[in-house]
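Presented below is the structure to which this report refers.
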Amino acid sequence: MTISPKLTRTFLCTLGGGLMLLALPAAQADTNPAAPQINAKSWVLMDYNSGKVLAESNPDMRLDPASLTKIMVSYVVGQVIKSGKITPDDMVTVGQDAWATGNPVLQGSSLMFLKPGDKVPVSELNKGIVIQSGNDACIALADYVAGSQDSFVNLMNRYAQQLKLENTHFKTVHGLDADGQYSSAHDMALLSQALIRDTPEEYALHKQKEFTFNHIRQINRNRLLWNTNLNVDGIKTGYTSGAGYNLVSSAIDANGMRLIAVVMGAPSDRVRFNESENLLNWGFRFFETLTPMKAGDAFTNQRVWFGEDKMVPLGVAENVSLTTPKGQLKNLTASFTLTNKQLEAPLAKNQVVGTVDFTLNGKVVDQRPLVALKEVKEGGFFSRIWDFVMMKITGLFGSLFAK
């Protein structure tokens, strides 16, 4: 990553004592541990908070997502509930298309065992999708939310575009094999990150280990929820003959570091769980993530010319979460660079005025926008005249000293 030639004024500080940290690209530090070998067609391990991919293989390969499709269904449902368009208590009348006996596509697949005419709360159908992987529940809730399966699929693909899932396209609401339906390990990691971030109440359903509907008790297929070595709280299994064995899992450690592992196209049920566990354990062992720079906290205070205020605090508009190999924090430095030589009023709150650069072992590993943390209005006429004179004097003496 190179620094733009526009940037003309740089200040440097060392990040001691864990003051700051940044997302470190895995290929940019010689200290990175070797990634484990994973038996699957495609896989990704990503830090949730920083979004840093710690290890990957064929991350953009387009593969059949199978029931990983239901992660997007869950995301859409969570967004619709959050918007108030539907509520968890709404009663849904189950249609003929959600009846497995009358729909050949559903026969032999994962079901909630709905019947036509059943009146079921949105909350129960939602659990049927997330916990039981019920394909019939997907159809019933899709019909209720969007009026038809096709309309709901359009919603799914619209969200895929918004989330910049460039290798994802949905054709069904349940994930059963369909020509032209595909996703990738990297896209599934991004989608899972969005599910956790944007719809936390919806995501909370994914840690439930069982669900009973109509006296039929079914167990969550994600066996990592019972793993005693990891604190796994999601997300979704998937299998069809065309897809093989898929699993997206997420776990959080005692320090609040959350990882998302995606394994697609594993050769067996056992392998997908073992390999996902290996990825998560490897990530927690060798990496650490902190959020050292929070939105609204001043990184520096700088002089403002022609303003009502003479100084303005500068920082970041969004929390900065950063991931590095363990033990590398002491080698990380941060500097800020102003876009223009002087700051001049008026300044809007969160107006970008430069960049914060993070350097590890002599290499710039990331940049974040440097913003004004408060509005600075233009000063009065005489104040501006005085600042103009002082700026000229400061510039003159600065030029003399430079010589």
Exercise: do Asn227 and Glu277 side chains pair donor with acceptor under 3.5 Å: yes

Asn167 side chain vs Arg62 backbone, donor-acceptor pair below 3.5 Å: no

Derivation and outcome, salt bridge (charged side-chain N to carboxylate O under 4.0 Å, His left out), residues Arg221 and Asp269: CA-CA 10 Å; Arg221 290 170 172 79; Asp269 178 61; over 6 Å; no

Any donor-acceptor pair under 3.5 Å from Lys326 side chain to Phe284 backbone: yes

Donor-acceptor contact below 3.5 Å, side chain Gln367 vs main chain Asp357: no

Heavy-atom pair of closest approach, residues Ala372 and Leu314: CA-CD2, 3.8 Å

Leu191 vs Leu163, side-chain contact (heavy atoms from CB on, under 4.5 Å): CA-CA, chis, key distance, verdict: CA-CA 7 Å; Leu191 174 57; Leu163 295 172; 3.9 Å; yes

Main-chain N/O of Leu247 paired with Thr237 side-chain donor or acceptor, under 3.5 Å: no

Value rounded to 0.5 Å, distance of CG in Leu54 from CD in Glu56: 10.0 Å

side-chain hydrogen bond (donor to acceptor under 3.5 Å, both in side chains) evaluation trace for Ser183 with Thr168: CA-CA 4 Å; Ser183 189; Thr168 295; 2.7 Å; yes

Approximate separation, where rounding is to 0.5 Å, of Leu141 CG and Glu124 CD: 12.0 Å

Shortest non-hydrogen contact from Val316 toward Pro369: CG1-O, 3.8 Å

side-chain contact (heavy atoms from CB on, under 4.5 Å) partners of Asn214, counting only residues at least two apart: Lys115

Candidate list Asp47, Asp233, Asp253, test side-chain hydrogen bond (donor to acceptor under 3.5 Å, both in side chains), partner Arg258, passing option: Asp233

Donor-acceptor contact below 3.5 Å, side chain Arg272 vs main chain Gly238: yes

Side-chain donor-acceptor pair present, Thr212, Glu210, cut-off under 3.5 Å: no

Check: Ser83 side chain, Val80 main-chain N or O, donor-acceptor pair, under 3.5 Å: yes

Distance, nearest 0.5 Å, that separates NZ of Lys236 from CD1 of Ile131: 10.5 Å

Cationic N near anionic O, under 4.0 Å, Lys82 to Asp198: no

Smallest separation among heavy atoms of Leu45 and Ala261, with atom names: CD1-CB, 4.0 Å

Side-chain (Gln218) to main-chain (Leu111) donor-acceptor, under 3.5 angstrom: yes

Verdict with reasoning, Thr324 to Glu288, per side-chain contact (heavy atoms from CB on, under 4.5 Å): CA-CA 6 Å; Thr324 63; Glu288 58 186 340; 4.1 Å; yes

Parallel, tilted or perpendicular: ring planes of Phe299 versus Phe336, cut at 30 and 60 degrees: perpendicular

Distance-only polar pair, side chains of Thr87 and Asp90, donor-acceptor under 3.5 Å: yes

Closest approach of Ala35 to Ala55 (non-hydrogen atoms, all atoms of both residues): CB-CB, 3.7 Å

Hey, can you pull the donor-acceptor pairs under 3.5 Å for the side chains in residues 64-71, sequence neighbours left out?
from  : atom 1 : to     : atom 2 : distance (Å)
Asp64 : OD1    : Ala66  : N      : 3.0
Ser67 : OG     : Lys70  : NZ     : 2.7
Ser67 : OG     : Ser133 : OG     : 3.4
Thr69 : OG1    : Ala66  : O      : 2.8
Lys70 : NZ     : Ser133 : OG     : 3.3
Lys70 : NZ     : Asn135 : OD1    : 2.7
Lys70 : NZ     : His174 : O      : 2.9

Heavy-atom closest pair, residues Asp177 and Ala243: OD1-N, 4.4 Å

Exercise: do Asn278 and Glu275 side chains pair donor with acceptor under 3.5 Å: yes

Gap separating the CG atom of Leu125 from the NZ atom of Lys127, nearest 0.5 angstrom: 11.5 Å

Donor-acceptor contact below 3.5 Å, side chain Asp366 vs main chain Phe358: no

Partner residues of Tyr203 under the ring pair (Phe, Tyr, Trp, His ring centres under 6.0 Å) criterion, sequence neighbours left out: His206

Atom pair CE (Met61) and NZ (Lys41), whose distance is rounded to the nearest 0.5 Å: 8.0 Å

Contact check, side chains of Val105 and Thr172, non-hydrogen atoms, under 4.5 Å: no

Working for side-chain contact (heavy atoms from CB on, under 4.5 Å), residues Ile81 and Asn126: CA-CA 11 Å; Ile81 291 175; Asn126 203 7; 4.2 Å; yes

Spatial distance of atom OG (Ser74) from atom CD (Gln79) [nearest 0.5 Å]: 10.5 Å

Side-chain donor-acceptor contact under 3.5 Å, Thr291 with Asn319: no

Trace of the side-chain contact (heavy atoms from CB on, under 4.5 Å) decision for Ile216 with Gln132: CA-CA 11 Å; Ile216 302 173; Gln132 296 178 336; 5.7 Å; no

Donor-acceptor under 3.5 Å (Asn157 side chain, His169 main chain): no

Check: Thr240 side chain, Leu176 main-chain N or O, donor-acceptor pair, under 3.5 Å: no

Where Lys171 and Gln181 come nearest, the two heavy atoms and their spacing: N-OE1, 2.9 Å

Parallel, tilted or perpendicular, as decided by the 30° and 60° cut-offs, for the rings of Trp282 and Phe286: tilted

Distance-only side-chain donor-acceptor flag, Thr289 / Asn49, under 3.5 Å: no

